[in-house]
Participant: 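Got a structure for you, questions after.
Throughout, residue positions are numbered sequentially from 1 according to the sequence presented. Just follow the structure's listing: the first ligand is 1, and inside any ligand the first atom is 1.
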Amino acid sequence: MRILITGSNGLLGQKLVGQLSKNEKLSFLATSKGENRNPSCPSENYSSLDITNSDEVLKTITAYSPDYIIHTAAITNVDYCELNQLECERVNVGGTKNLFESSKKIGAHFLFLSTDFVFDGEEGNYKETDHPNPLSIYAESKRDGELLLIQSNYSNWSIARTIIVFGEGQNLSRSNIVLWARESLSLGKTLNIIDDQFRSPTWADDLAWGCIQICEQNRKGIYHLSGPETMSIYELVIRIGRFFKLDTSSINRTDSSSLNQAAKRPPKTGFDLSKSKKDIGYQPKTLEESLHLLS
Ligand SMILES: NC(=O)c1ccc[n+]([C@@H]2O[C@H](COP(=O)([O-])OP(=O)(O)OC[C@H]3O[C@@H](n4cnc5c(N)ncnc54)[C@H](OP(=O)(O)O)[C@@H]3O)[C@@H](O)[C@H]2O)c1
């Protein structure tokens with residue numbers, strides 16, 4: 001089985017490369033914009049690919065002829081997307097369209113990474129069948145990507161939605177909340193952390209495992225893949241601090257209105273994971289179980 005990954009320089013992309021390298025049943029081609037920045041990805045498994053270039057996308061996909069495409073590449077900075085709408089749409093929607101069209105041409109399964117932000121966060125504990133209502137440009141771009149698949153008459157696709165992904169990678173273009181909180185607390189910084197947004201932080205290795213299972217088990221449709229616990233961002237940062245035995249007395253509670261962020265966020269997400277547990281055997285680690293595995 002041949003798998004092509006987009007966004008292999010990103011956090012999830014790096015975890016996919018790590019797991020696929022160890023799986024003798026699968027071969028893979030890792031792609032990302034520009035040079036390979038993942039030292040764990042062998043150069044013979046890497047090809048540079050800008051997903052906004054439709055000719056390049058078709059050429060790469062036709063030449064490699066994968067059975068599965070795991071599409072992780074995206075502009076993931078939510079506030080940047082809010083301020084750069086056209087660029088966000090060009091990459092997150094246009095790039096997805098280029099890849100999906102090429103998948104259809106060669107009959108490959110297309111797995112698209114999406115987000116809890118497709119929901120408005122009024123209810124929480126979302127099921128795959130719940131009704132999306134995106135609140136930001138980033139969220140809309142991801143929902144538009146989903147709709148390309150859902151409204152198509154080509155059925156060989158899946159969507160994996162996830163929530164705040166964390167873990168360690170190499171030469172990442174952006175950090176994540178766990179690394180940021182550990183670093184900031186170890187430097188003794190004062191942190192003002194919101195207590196009115198609730199999320200289920202996701203260990204990147206669990207998410208990568210879930211994506212590979214969707215491919216290996218040839219599952220189709222929408223899957224929710226997040227961590228198993230929903231907590232406020234404040235609780236998350238406190239638990240990170242306590243786990244690493246750092247002083248948490250400088251963590252202050254605040255609320256979203258104090259942040260003046262460009263993009264609106266859903267107050268409470270979190271997923272009902274019943275379908276993923278039942279169908280693919282997804283068993284995500286708790287926050288502390290994951291933190292144990294960080295170096
Ligand atoms: N991280 C989260 O908390 C989170 C939450 C919900 C959903 N998701 C979704 O999960 C997926 C993976 O997230 P992640 O955390 O691994 O993201 P990430 O670390 O930001 O990686 C995304 C990768 O996409 C690449 N990319 C951007 N534009 C590209 C283009 N035009 N052509 C090719 N590659 C391009 C980036 O390249 P550069 O490194 O060169 O910029 C980056 O390596 C994304 O689709 C995201 O929307 C993530």
Participant: Given Pro201, Ala74, Ala160, which has its nearest heavy atom closest to atom 36 (C) of ligand 1?
Facilitator: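 Among Pro201, Ala74, Ala160, the closest heavy atom to atom 36 (C) of ligand 1 comes from Ala74.
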Participant: Quick one: are the ring centres of His292 and Phe243 less than 6.0 Å apart?
Facilitator: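 Yes, close enough.
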Participant: Heavy-atom pairs closer than 4.0 Å: do any link ligand 1 to the side chain of Ser114, the backbone, both, or neither?
Facilitator: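 For Ser114, only backbone atoms sit under 4.0 Å from ligand 1.
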Participant: So which of Val78, Val118, Thr76, Ile163 gets nearest to atom 18 (P) of ligand 1, if we judge by its closest heavy atom?
Facilitator: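 Result: the heavy atom closest to atom 18 (P) of ligand 1 is in Thr76.
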Participant: Distance to 0.1 Å, residue and atom name: give those for the protein heavy atom nearest to atom 6 (C) of ligand 1.
Facilitator: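 Scanning the protein heavy atoms, the shortest distance from atom 6 (C) of ligand 1 goes to Thr162 O, 3.3 Å.
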Participant: Report the member of Ile70, Asn176, Val91 with the shortest heavy-atom distance to atom 28 (N) of ligand 1.
Facilitator: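 That would be Val91.
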Participant: Start with the C-alpha distance between Gln197 and Ser256, add both sets of side-chain angles, then the distance that settles side chain to side chain donor-acceptor pair (under 3.5 Å), and finish with yes or no.
Facilitator: CA-CA 8 Å; Gln197 286 185 29; Ser256 306; 3.0 Å; yes
Participant: What protein heavy atom is closest to atom 43 (O) of ligand 1, reported as residue, atom name and distance in Å?
Facilitator: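 Ranked first by proximity to atom 43 (O) of ligand 1 is Gly10 N, 3.1 Å.
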Participant: Is it the case that the side chains of Ser200 and Thr230 hold a donor-acceptor pair, with the cut-off being a distance below 3.5 Å and no angle test?
Facilitator: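 Ser200 and Thr230 do have a side-chain donor-acceptor pair below 3.5 Å.
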Participant: Between Leu12, Asn53, Asn92, which one has a non-hydrogen atom sitting closest to atom 16 (O) of ligand 1?
Facilitator: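 It is Leu12 that holds the nearest heavy atom.
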Participant: Is a salt bridge present between Arg2 and Asp67, judged by a nitrogen-to-oxygen distance below 4.0 Å?
Facilitator: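 Asp67 and Arg2: not salt-bridged.
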Participant: Which residue owns the protein heavy atom closest to atom 19 (O) of ligand 1, what's the atom, and how far is it?
Facilitator: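 That would be Leu11 N, 3.1 Å.
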Participant: According to the interplanar angle, ranging from 0 to 90°, do the rings of His224 and Phe119 count as parallel (below 30°), tilted (30 to 60°) or perpendicular (above 60°)?
Facilitator: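 Plane angle over 60°, so perpendicular.
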Participant: Which is closest to atom 9 (C) of ligand 1 by heavy-atom distance: Phe166, Tyr138, Phe112, Phe117?
Facilitator: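 Closest candidate by heavy-atom distance is Tyr138.
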Participant: Compute the shortest N/O to N/O distance between Ile51 and ligand 1 and return yes if it is under 3.5 Å, no if not.
Facilitator: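 Right, the criterion is met.
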Participant: Output yes when Glu146 and Arg143 qualify as a salt bridge under the 4.0 Å nitrogen-oxygen rule, no when they do not.
Facilitator: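 Yes.
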Participant: Report the member of Arg199, Arg161, Arg37 with the shortest heavy-atom distance to atom 40 (O) of ligand 1.
Facilitator: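 When every heavy atom of Arg199, Arg161, Arg37 is considered, Arg37 comes closest to atom 40 (O) of ligand 1.
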Participant: Does an N or O from Asp50, backbone or side chain, lie closer than 3.5 Å to an N or O of ligand 1?
Facilitator: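 Yes, since at least one N or O of Asp50 sits under 3.5 Å from an N or O of ligand 1.
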Participant: Where is the nearest protein heavy atom to atom 37 (O) of ligand 1: which residue, which atom, and how far?
Facilitator: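 So the nearest neighbour among protein heavy atoms is Ser32 OG, 4.3 Å.
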Participant: Mark up the atoms of ligand 1 that fall under 4.0 Å of a heavy atom belonging to Ser173, in ascending order.
Facilitator: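 Every atom of ligand 1 under 4.0 Å from some heavy atom of Ser173: 38 (P), 39 (O), 41 (O).
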Participant: List ligand 1 atoms under 4.0 Å from Leu49, heavy atoms only on the residue side.
Facilitator: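 Selected atoms, number and element: 32 (N), 33 (C).
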Participant: Looking at ligand 1, is there an atom of it that comes within less than 4.0 Å of some heavy atom belonging to Ile164?
Facilitator: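 Heavy atoms of Ile164 do come under 4.0 Å of ligand 1.
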Participant: Would a distance-only check, ignoring hydrogens and angles, find a side-chain to backbone donor-acceptor pair under 3.5 Å from Tyr138 to Gln85?
Facilitator: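 No, Tyr138 side chain to Gln85 backbone: no donor-acceptor pair under 3.5 Å.
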Participant: For atom 35 (C) of ligand 1, which protein heavy atom lies nearest, and how many Å away is it?
Facilitator: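 Protein heavy atom with the smallest distance to atom 35 (C) of ligand 1: Ala73 CB, 3.8 Å.
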Participant: Starting from atom 29 (C) of ligand 1, what is the nearest protein heavy atom, named by residue and atom, and what distance separates them?
Facilitator: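 Of every protein heavy atom, Lys33 CD, 3.9 Å lies nearest to atom 29 (C) of ligand 1.
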Participant: Who's the nearest protein heavy-atom neighbour of atom 48 (C) of ligand 1, and how far?
Facilitator: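 Atom 48 (C) of ligand 1 sits closest to the protein heavy atom Val165 CG2, 4.1 Å.
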Participant: Applying a heavy-atom cut-off of 4.0 Å, say which part of Asn77 lies close to ligand 1: side chain, backbone, both or neither.
Facilitator: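 Under 4.0 Å from ligand 1, Asn77 contributes no heavy atoms.
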Participant: Looking only at heavy atoms of His71, does any of them come nearer than 4.0 Å to an atom of ligand 1?
Facilitator: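 No, that is not the case, since the closest heavy atom of the residue is not under 4.0 Å from the ligand.
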Participant: Using the six-membered ring wherever Trp is involved, compare the ring planes of Phe100 and Tyr154 and label them parallel, tilted or perpendicular (cut-offs 30° and 60°).
Facilitator: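 The arrangement is perpendicular - the two ring planes meet at more than 60°.
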Participant: Give yes if a backbone or side-chain nitrogen or oxygen of Gly13 is under 3.5 Å from a nitrogen or oxygen of ligand 1, and no if not.
Facilitator: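 No, there is no polar N/O contact under 3.5 Å.
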Participant: Considering only NZ, NE, NH1 and NH2 on the basic side and carboxylate oxygens on the acidic side, decide whether Glu288 and Arg239 come within less than 4.0 Å.
Facilitator: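 Looking at Glu288 and Arg239, the cut-off is met.
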Participant: Within this structure, what is the CG-NZ distance for the pair Asp272 and Lys127, rounded to the nearest 0.5 Å?
Facilitator: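 It is 4.5 Å, given to the nearest 0.5 Å.
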Participant: Does ligand 1 have an atom that lies less than 4.0 angstrom from a heavy atom of Thr72?
Facilitator: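 Checking ligand 1 against Thr72, which is what was asked, there is a heavy-atom contact under 4.0 Å.
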Participant: Using a strict cut-off of less than 4.0 Å between a Lys/Arg side-chain nitrogen and an Asp/Glu carboxylate oxygen, indicate whether Arg182 and Glu168 qualify as a salt bridge.
Facilitator: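 Counted as a salt bridge, because a side-chain N and a carboxylate O are separated by less than 4.0 Å.
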Participant: Taking 4.0 angstrom as the limit, do Lys25 and Glu216 come out as a salt bridge?
Facilitator: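 Salt bridge between Lys25 and Glu216, a charged N being under 4.0 Å from a carboxylate O: yes.
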Participant: Pairing donors with acceptors under 3.5 angstrom, does anything connect the side chains of Ser158 and His109?
Facilitator: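 On atom types as modelled, these side chains qualify, holding a pair under 3.5 Å.
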Participant: Would you mind checking if Asp79 and Arg265 are paired as a salt bridge, meaning a charged N to carboxylate O distance below 4.0 Å?
Facilitator: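 A salt bridge is present here (some side-chain N lies under 4.0 Å from a carboxylate O).
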Participant: Among all protein heavy atoms, pick out the one at the shortest distance from atom 10 (O) of ligand 1; state its residue, atom name and that distance to 0.1 Å.
Facilitator: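 It is Leu113 CB, 3.9 Å.
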